[in-house]
Participant: 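I have a structure I would like to understand better, so I am pasting it below and will then ask my questions one at a time.
Read the numbers this way: they start at 1 and go in the same order the structure lists the ligands and their atoms.
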Amino acid sequence: MYRLVQKFGGTSLADLDAIRHAALRVKEAFLDKQQAQADVKGLVVVSAMGDSTDRLVAQTQAYTSNCQQRDYDVVLASGEQVSSGLMALALCQQNIRACAMQGWQVPIYTDGNHSTARITDIPQKNIVAAWRSYDIIVVPGFQGISPDQHITTLGRGGSDTTAVALAAAVQADICDIYTDVDGIYTADPRVVPSARCLDQITYEEMLELASLGARVLHTRCVELAMARSIPVRLRPTTNNNEGTLLQQEGASMEQPAITGIALEDDEAKITLLGVQDRPGVAAQIFTPISEQHISVDMIVQNVSADKKTTDVTFTVAKKDLASCMKVIKDCPITYSALRTDANVAKVSVVGRGMRSHAGIASKLFATLAAHGINIQVISTSEIKISLLIDQSNGKAAVRHIHKAFIEQ
Ligand code: ASP
Ligand code: MG
């Protein structure tokens, strides 16, 4: 049996014509597979139409006092209920045996954390039973059911995660995620017009890029695909390009030094000058910050020249800057000056090839130096190097790095 999971994002389902078009894509893929293999069954996961979830969020905001998260989820999950029903109707009109099944009917079990629920289990029994009468089951993304039988939602962008979780539950042969981009690019094509769409990328690289600037896929969806080795293909809805396949690293995969470059400008830099250099100071700074649920990204501490004081620099999301400053001011440590800079950009290069290619960091630094771009903070992981630079240099830096590493 061939099991196909296809997911369509909101922009691919913006209106009734778009849903009809998406239904045609489902039909094409289904018939195509059926020619090669007799027994094909499909699951289609849908997001809410266009920006309807934004509108639902706005409606819930009319009643903020004593608002129950539970009822917020009742409202939010309705967008996908509509699109799943319409998709099933559109498929039936194409003579495909299709029906919609809501999250509670599948059931997609989640924990009870309303609005940020995590999927805990999807038994395949009801899906398999429904496949006896239907070829395609349409399932709303983003929703599930809590242990006490209430509707939950998975957090914005959560439909990608629903698709991969369903693919894992039915051991799908492929999970195709249809979207409004052609696939994963070497850099944002709006910044680098010569950026290439990648044929393939490893989960690990995608995870680094997904949590950086390239917000094409929900991070949790990539984590799940990696944990369960689900082949995920990101493909365009509007043309027949093959898109980008996410998979485990294979022996036949090429190993370029750098696979992709991401740019983020939503972080701010904080520097504490003249902090006492003694055990426990870093914990005194960062513990109260984490207690306020503020995530710290890059951290650098200098060696202390006089063995008494040192400087500590770190970055937080711009939206957290004000609350982070308040925490530091209330913190019982002494320092000589506190500086902040919100005009920074973080450029990150990602590539599994870093493990085998030497000299990537030095070439990267030399590339920026050649264009007079100053590096303020550097951080690295096994397959990623991130550089904090002045915001005004962000796009140019991405273009220079792309030229030096990817277009050579
Ligand atoms: N409709 C939800 C949202 O807009 C979930 C999704 O589209 O993935 O966030
Ligand atoms: Mg999405």
Participant: Give the atoms of ligand 1, by number and element, whose distance to some non-hydrogen atom of S47 is under 4.0 Å.
Facilitator: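 Here the atoms of ligand 1 in question are 6 (C), 7 (O), 8 (O).
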Participant: Any luck finding a side-chain donor-acceptor pair between T161 and H218 under 3.5 Å?
Facilitator: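 A donor-acceptor contact under 3.5 Å links the two side chains.
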Participant: So is G157 polar-close to ligand 1, meaning N/O to N/O under 3.5 Å?
Facilitator: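 Yes, there is a polar N/O contact under 3.5 Å.
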Participant: Please find the pair of heavy atoms, one from E28 and one from N240, that lie closest to each other, and give the distance.
Facilitator: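 Minimum heavy-atom contact is OE1-OD1, 4.0 Å.
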Participant: K7 to ligand 1: N or O pair under 3.5 Å?
Facilitator: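 Not met; the criterion fails.
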Participant: Counting each atom of ligand 1 from 1 as listed, which ones have a heavy atom of S159 under 4.0 Å away?
Facilitator: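 Listed by number with element, the hits are 5 (C), 6 (C), 7 (O), 8 (O).
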Participant: Is it the side chain, the backbone, both or neither of H218 that has a heavy atom closer than 4.0 Å to ligand 1?
Facilitator: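 H218 to ligand 1: no contact under 4.0 Å from either part.
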Participant: E407 and side-chain hydrogen bond (donor to acceptor under 3.5 Å, both in side chains): which partner among R196, R399, H402?
Facilitator: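 Of R196, R399, H402, side-chain hydrogen bond (donor to acceptor under 3.5 Å, both in side chains) with E407 is met by H402 alone.
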Participant: Non-hydrogen atoms of G158 versus ligand 1: any pair closer than 4.0 Å?
Facilitator: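 G158: in contact with ligand 1 (<4.0 Å).
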Participant: Output all residues satisfying side chain to side chain contact (heavy atoms under 4.5 Å, CB included) with A317, sequence neighbours left out; order by chain, then residue number.
Facilitator: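 Expected list: K319, D320.
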Participant: Of all residues at least two apart in sequence or in a different chain, which pass the side chain to side chain contact (heavy atoms under 4.5 Å, CB included) check with D180?
Facilitator: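 Per chain and number, D180 pairs via side chain to side chain contact (heavy atoms under 4.5 Å, CB included) with T11.
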Participant: Please check whether R156 reaches ligand 1 - meaning an N/O of the residue sits under 3.5 Å from an N/O of the ligand, judged on distance alone.
Facilitator: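 Yes; the residue has a nitrogen or oxygen that sits under 3.5 Å from a nitrogen or oxygen of the ligand.
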Participant: To check you understand the geometry: which heavy-atom pair defines the closest contact between M298 and V296, and what is its length?
Facilitator: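 So the minimum-distance heavy-atom pair works out to O-CG1, 4.1 Å.
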